[in-house]
Amino acid sequence: MKLMVTIDRDEDGVWIVECPSIPGCVSQGDTKDEAIANIRDAIALCIKVRAEQGLPLTVETRQVDVAM
């Protein structure tokens, strides 16, 4: 399964990674590689919990055009 993630750095230099298609699925790391490895684990756990609770595994996400 391939999922999109967002990657950002906070004011303390910690990398924050979120999976927008899984509500509440967020992780972090001291390096970008560590954060990406951590979100992989978080995604697997979030999907497992959502399946156990009978929730959809993911929610729909889309790209939209925005006029600037």
Side-chain angles (χ1 to χ4, degrees):
M1 175 183 271
K2 289 188 179 189
L3 297 167
M4 296 294 292
V5 297
T6 61
I7 303 169
D8 194 15
R9 206 165 188 186
D10 74 7
E11 61 277 355
D12 295 323
V14 175
W15 291 94
I16 309 297
V17 186
E18 182 174 4
C19 182
S21 61
I22 304 174
C25 189
V26 180
S27 195
Q28 65 184 32
D30 291 328
T31 66
K32 192 184 293 188
D33 288 339
E34 180 184 12
I36 291 169
N38 291 342
I39 197 66
R40 284 188 178 108
D41 293 339
I43 288 169
L45 289 172
C46 287
I47 287 175
K48 180 180 181 219
V49 169
R50 291 179 71 81
E52 289 171 353
Q53 294 178 347
L55 297 170
L57 300 183
T58 61
V59 297
E60 182 178 353
T61 60
R62 285 190 185 198
Q63 263 187 333
V64 297
D65 292 324
V66 177
M68 301 289 285

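Bear in mind the structure is a predicted one, so any value in this text is a computation, not a measurement. Quick note: residue numbers are just sequence positions, from 1. Just the heavy atoms: all of them, side chains too, but no hydrogens, waters or symmetry mates, feed the values below.
The hydrophobic clustering, which links ILVMFWY residues whose side-chain heavy atoms are closer than 4.5 Å, places L3 and V59 apart.
In this structure, I16 shares a hydrophobic cluster with V14, V26, the cluster being traced through Ile, Leu, Val, Met, Phe, Trp and Tyr side chains under 4.5 angstrom apart. Residues V64, V66 make up the rest of the hydrophobic cluster containing M68, defined by ILVMFWY side-chain heavy atoms closer than 4.5 Å, directly or through other members.
To the nearest 0.5 angstrom, C25 atom SG is 4.0 Å from I39 atom CD1. Rounded to the nearest 0.5 Å, atoms CD (Q28) and OG1 (T31) are 11.5 Å apart.
Applying the side-chain hydrogen bond (donor to acceptor under 3.5 Å, both in side chains) definition to pairs two or more places apart or across chains, none involves residues 15-27. Within the structure, no pair that satisfies the side-chain hydrogen bond (donor to acceptor under 3.5 Å, both in side chains) test touches residues 2-12, not counting sequence neighbours. Identified under the side-chain hydrogen bond (donor to acceptor under 3.5 Å, both in side chains) test for residues 42-65, with sequence neighbours left out: E60-R62. Applying the salt bridge (Lys or Arg N to Asp or Glu O under 4.0 Å) test to residues at least two apart or on different chains, none of the pairs has a partner in residues 23-45.
The shortest heavy-atom contact between A35 and G29 is CB-N, 3.6 Å.
Considering I22, I36, I43 in turn, I43 is the only one that fulfils the side chain to side chain contact (heavy atoms under 4.5 Å, CB included) rule with V5.
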